[in-house]
Undergrad: 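Can you read through this structure? Questions will come right after.
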Amino acid sequence: MCGIVGYIGTKNCTPLIVNALKRLEYRGYDSAGVAVISHNQLQVQKKAGKVAELVAIVDSHPIVGTVGIGHTRWATHGAPTDINAHPHMDQQRRFALIHNGIVENYMTIKHRLEREGRTFTSQTDSEVLVQLISLLYDKVHDFETAVRLGLKEVEGAYGIAIICADEPDKLIAARKGSPLVIGIGEDEFIVASDASAIVSHTRQVVYLEDGEIAVLTRTGFTTKTIDDVPVTKEVEEITFDIEQLEKGGFPHFMLKEIHQQPETIRDAMRGRLLPAEGTARLGGLDSVKDRLRQAKRIVFTACGTSWHAALVGEYMLEHYAHVPVEVEYASEFRYRNPVLSEEDVVFVLSQSGETADTLAALREAKRQGALGLGIVNVVGSSIARETDAGVYIHAGAEIGVASTKAFTGQLTMLALITLMIARMKNLSVIEGQRIVEGLQLLPELSKRILSNTQNVEKIAEQFKDARNFLYLGRGYNFPVALEGALKLKEISYIHAEGYPAAEMKHGPIALIDENMPVVVVVPQDDIREKVMSNIEEVRARGGRIIAVATEGDTDIHRLAEHVITIPQTIPMLTPILSVIPLHLLAYYIAVARGCNVDQPRNLAKSVTVE
Ligand code: AGP
Ligand code: GLU
């Protein structure tokens, strides 16, 4: 949530900060701002709206300096206005702070500060923090000490960067619950909430951990805990390229990412299939293989699209590995005292690896003695670093706020994990080989779907003004229905519901009339006939059916107004193909409605607050 960037070095930092904010904009985009120390004074410019609005101001009133910070906001406390935009300053305009997260006890601190004579200009929790630090500075007269003492009072989460006009050759950054990376350049350092803001300057990075603070100057930096205990950090290398952060000729990141799937599905499997043995080898899970085989229960926990992937994983693992699986929203898991034992394995799924609810669920699982494993995309992210073991899906940077390629990457990984566990238990080599073959064909099959998207585009045009949509599916494709509906809601703002097809008759069927588009996922599998009956039920009530069906299914044309075809694969793998047209449908509808596909309203790419 929100993008943070800070610079200290020898260059004029304003253009650099603004460019970094453009890269970070996918993390939050309701307002943006910069603060730079210029001639020992703080200069701040901030504006509600997109980074482009800020750019216009910065271009017309340039500020020059070599130490500065910038922020794109995703409002939690206070409306997205100019005043609530970050950076925030203290009353004396000595400090400028950017903050990602929530200061949960901000009201208590605010009342105390008000009693001490401080007045506030914004409604944010973040301003309270900078005013607190400023008050402490009046007592201790040391920038670093004031920041540490201030942070010790904070309940909640923060990633911050702060500068001080009285100590103009310093930048301080700290984290608790929100990500922060330090990029190490030559005579310059950049702090940011993710590496995409850093990669065009340096590949050498250091990740801050919770409770750590970094004090940066032009010549070096020190890291310690907020309790003043020094910590030594390891320098790591960023592995992705700058091209991954560009649109590569596509009008939107989302469309680019949808079209990358033949490669990203392949990348998720690369070097991990053992065709002769009919299994998968997952280096990241090698150390915990025995515990996986012996697990009495597997729990998946995640949010949003990752939660949908987990639901498919439940069906896969129970079917092939005969292990009881539970899937739970991470936000519920953390607060409901879940029953866990040391024989349980908890998998957390997260594209970003930074989702606060998911991270908290992981910590709860580990606290209770369960093995905490991860299926993550972003390398080096908080979740990836806190799990006992895990696997990366290697889908590359996903910039579109709506998750697409990460979903199919997660599904591919879940299929590999299922294969590995099932083969350690009951699955025969022949059956294993059949799954391996199915997996190997997926990149080609997904390419086939993507080579002809005109049909989907036409359907989108026809239904773009619908007020509601219903999505139905069964078995492996029930979570795909949920995912199709979520994506439509997120980017086109059309109300959509996903349902297990047979559950429709227990309620949502009341919604069906001639205005209701019903998207049904009905691939050729052992439950197809049942879904066909559900389609009949919709048709009998005048609903307009858009079917996602297997190539060669002629019967479906009798019932559906529109048919989108996908190639045949084994049932377990159908979601990896059937979701592609649904993501495309949401995309084209959103484009036809003139929506901002990559940055839908109210959303942010990684949700690092509760
Ligand atoms: C997906 O389109 C969403 N924007 C959202 O539901 C997302 O999947 C969820 O916030 C979880 O994110 P994560 O995978 O990064 O943890
Ligand atoms: N809680 C802060 C605010 O509402 C920070 C939000 C963010 O992470 O962007 O301003």
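Whatever order the structure lists ligands and atoms in, that order sets their numbers, starting from 1.
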Undergrad: Give me the nearest non-hydrogen protein atom to atom 14 (O) of ligand 1 as residue plus atom name, then the distance to 0.1 Å.
TA: Ser306 OG, 2.5 Å
Undergrad: With no hydrogens and no angle check, is any side-chain donor or acceptor of Asp90 less than 3.5 Å from a backbone partner on Gln131?
TA: no
Undergrad: Considering only the protein, which heavy-atom contact is closest to atom 4 (N) of ligand 1, and what is its distance?
TA: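 Residue, atom and distance for the closest contact: Glu490 OE2, 2.7 Å.
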Undergrad: Has Arg272 got a side-chain atom pairing as donor or acceptor with Ala268's backbone, closer than 3.5 angstrom?
TA: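 Yes, Arg272 side chain to Ala268 backbone: donor-acceptor pair under 3.5 Å.
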Undergrad: For Asp125, take its heavy atoms, then give the atoms of ligand 2 lying under 4.0 Å from any of them.
TA: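 Under 4.0 Å from Asp125, ligand 2 has these atoms: 1 (N), 2 (C), 3 (C), 4 (O).
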Undergrad: Is the CD1 atom of Ile57 crowded by more than 12 outside heavy atoms at less than 6.0 Å?
TA: yes
Undergrad: Examine distances only and state if a side-chain atom of Asn377 and a backbone atom of Gly396 form a donor-acceptor pair shorter than 3.5 Å.
TA: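 Pair found, side chain donor or acceptor close to backbone of Gly396.
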Undergrad: Compute both the distance and the angle, then confirm whether Arg175 meets the cation-pi test with Tyr158: under 6.0 Å from the six-membered ring centre, within 45 degrees of the axis.
TA: no
Undergrad: Check for a donor-acceptor pair, side chain of Thr453 on one end and backbone N or O of Val456 on the other, with a separation under 3.5 Å.
TA: no
Undergrad: Go through ligand 2 atom by atom and flag the ones less than 4.0 Å from a non-hydrogen atom of Thr124.
TA: 10 (O)
Undergrad: Check whether any side-chain N or O of Gln410 sits under 3.5 Å from a backbone N or O of Ala310 as a donor-acceptor pair, and report yes or no.
TA: no
Undergrad: Show which atoms of ligand 2 fall inside a sub-4.0 Å distance from at least one heavy-atom site of His86.
TA: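 Matching atoms, with element in brackets: 2 (C), 3 (C), 5 (C), 10 (O).
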Undergrad: For atom 16 (O) of ligand 1, which protein heavy atom lies nearest, and how many Å away is it?
TA: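 Looking at atom 16 (O) of ligand 1, the protein heavy atom closest to it is Thr355 OG1, 2.4 Å.
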Undergrad: Say whether, by atom type as modelled, one donor and one acceptor occur between the side chain of Glu236 and the main chain of Tyr207 under 3.5 angstrom.
TA: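 Between the backbone of Tyr207 and the side chain of Glu236 there is no qualifying donor-acceptor contact (under 3.5 Å).
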Undergrad: Among all protein heavy atoms, pick the one closest to atom 7 (C) of ligand 1 and tell me residue, atom and distance.
TA: Thr305 N, 4.0 Å
Undergrad: Are any of the N/O atoms on Gln410, whether in the backbone or the side chain, positioned under 3.5 angstrom from an N/O atom of ligand 1?
TA: no
Undergrad: Report yes or no: does Leu603 have a heavy atom closer than 4.0 Å to ligand 1?
TA: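 Checking ligand 1 against Leu603, which is what was asked, there is no heavy-atom contact under 4.0 Å.
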Undergrad: Are the charged groups of Glu386 and Arg363 less than 4.0 angstrom apart, N to O?
TA: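 Between Arg363 and Glu386 there is a salt bridge, with a charged N closer than 4.0 Å to a carboxylate O.
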Undergrad: So, does Arg385 use its side chain to make a donor-acceptor pair with the main chain of Gly380 at under 3.5 Å?
TA: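 Here the side-chain-to-backbone pair exists.
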Undergrad: For Gly101 and ligand 2, answer yes if some heavy atom of the residue is under 4.0 Å from a ligand atom, otherwise no.
TA: yes
Undergrad: Which protein heavy atom lies closest to atom 10 (O) of ligand 1, and at what distance to 0.1 Å?
TA: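 Ranking protein heavy atoms by distance from atom 10 (O) of ligand 1, first comes Val607 CG2, 4.1 Å.
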Undergrad: State the atoms of ligand 2, each with its element, that fall below the 4.0 Å cut-off from a heavy-atom position in His71.
TA: 9 (O)
Undergrad: Nearest protein heavy-atom contact for atom 15 (O) of ligand 1: which residue, which atom, what distance?
TA: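 Protein heavy atom at minimum distance: Ser352 OG, 2.7 Å.
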Undergrad: Give the atoms of ligand 2, by number and element, whose distance to some non-hydrogen atom of His99 is under 4.0 Å.
TA: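 Matching atoms, with element in brackets: 5 (C), 7 (C), 8 (O).
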Undergrad: Is there side-chain contact between Val348 and Leu373, with at least one heavy-atom pair below 4.5 Å?
TA: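 No. Closest side-chain heavy atoms not under 4.5 Å.
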Undergrad: Judging by distance only, is a nitrogen or oxygen of Leu349 under 3.5 angstrom from one on ligand 1?
TA: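 By distance alone, the answer is no.
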Undergrad: Suppose we measure from atom 11 (C) of ligand 1 to each protein heavy atom; which comes out shortest, and what is that distance?
TA: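 Going atom by atom, the protein heavy atom closest to atom 11 (C) of ligand 1 ends up being Cys303 O, 3.3 Å.
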Undergrad: Please report whether ligand 2 has a polar contact with Thr72, defined as an N or O pair separated by less than 3.5 Å (distance criterion only).
TA: no
Undergrad: Going by the atom numbers of ligand 2, which of them fall below 4.0 Å from some non-hydrogen atom of Arg73?
TA: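 Taking each heavy atom of Arg73 in turn, ligand 2 has 3 (C), 4 (O), 9 (O), 10 (O) under 4.0 Å.
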Undergrad: Which ligand 2 atoms are under 4.0 Å away from a heavy-atom of Asn100?
TA: 8 (O)
Undergrad: Would you call Glu263 and Lys405 a salt bridge, using N to O less than 4.0 angstrom?
TA: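 Salt bridge between Glu263 and Lys405, a charged N being under 4.0 Å from a carboxylate O: no.
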Undergrad: Note the single closest protein heavy atom to atom 6 (O) of ligand 1, along with its residue, its atom name and the distance in Å.
TA: Gly304 CA, 3.2 Å
Undergrad: Suppose I only count heavy atoms of Ser403 and a 4.0 Å limit; which atoms of ligand 1 are within that range?
TA: 1 (C), 2 (O)
Undergrad: For the pair Ile4 and Ile160, evaluate side chain to side chain contact (heavy atoms under 4.5 Å, CB included) and give the outcome as yes or no after the intermediate values.
TA: CA-CA 8 Å; Ile4 280 186; Ile160 61 154; 5.7 Å; no
Undergrad: Do any nitrogen or oxygen atoms of Asn84 come within less than 3.5 Å of a nitrogen or oxygen of ligand 2?
TA: no
Undergrad: Ligand 2 and Thr76, any nitrogen or oxygen pair closer than 3.5 angstrom?
TA: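 In this structure, Thr76 places an N or O atom under 3.5 Å from an N or O of ligand 2.
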Undergrad: Indicate yes or no: does Lys247 engage Glu257 in a salt bridge with an N to O separation below 4.0 Å.
TA: no
Undergrad: Between Gln351 (side chain only) and Val378 (backbone N and O only), is there a donor and an acceptor less than 3.5 Å apart?
TA: no
Undergrad: If you count the atoms of ligand 1 from 1 in the order shown, which ones are under 4.0 Å from a heavy atom of Val401?
TA: 2 (O), 4 (N)
Undergrad: Under 4.0 Å from ligand 1, counting heavy atoms only, is it the side chain of Lys487, its backbone, both or neither?
TA: side chain
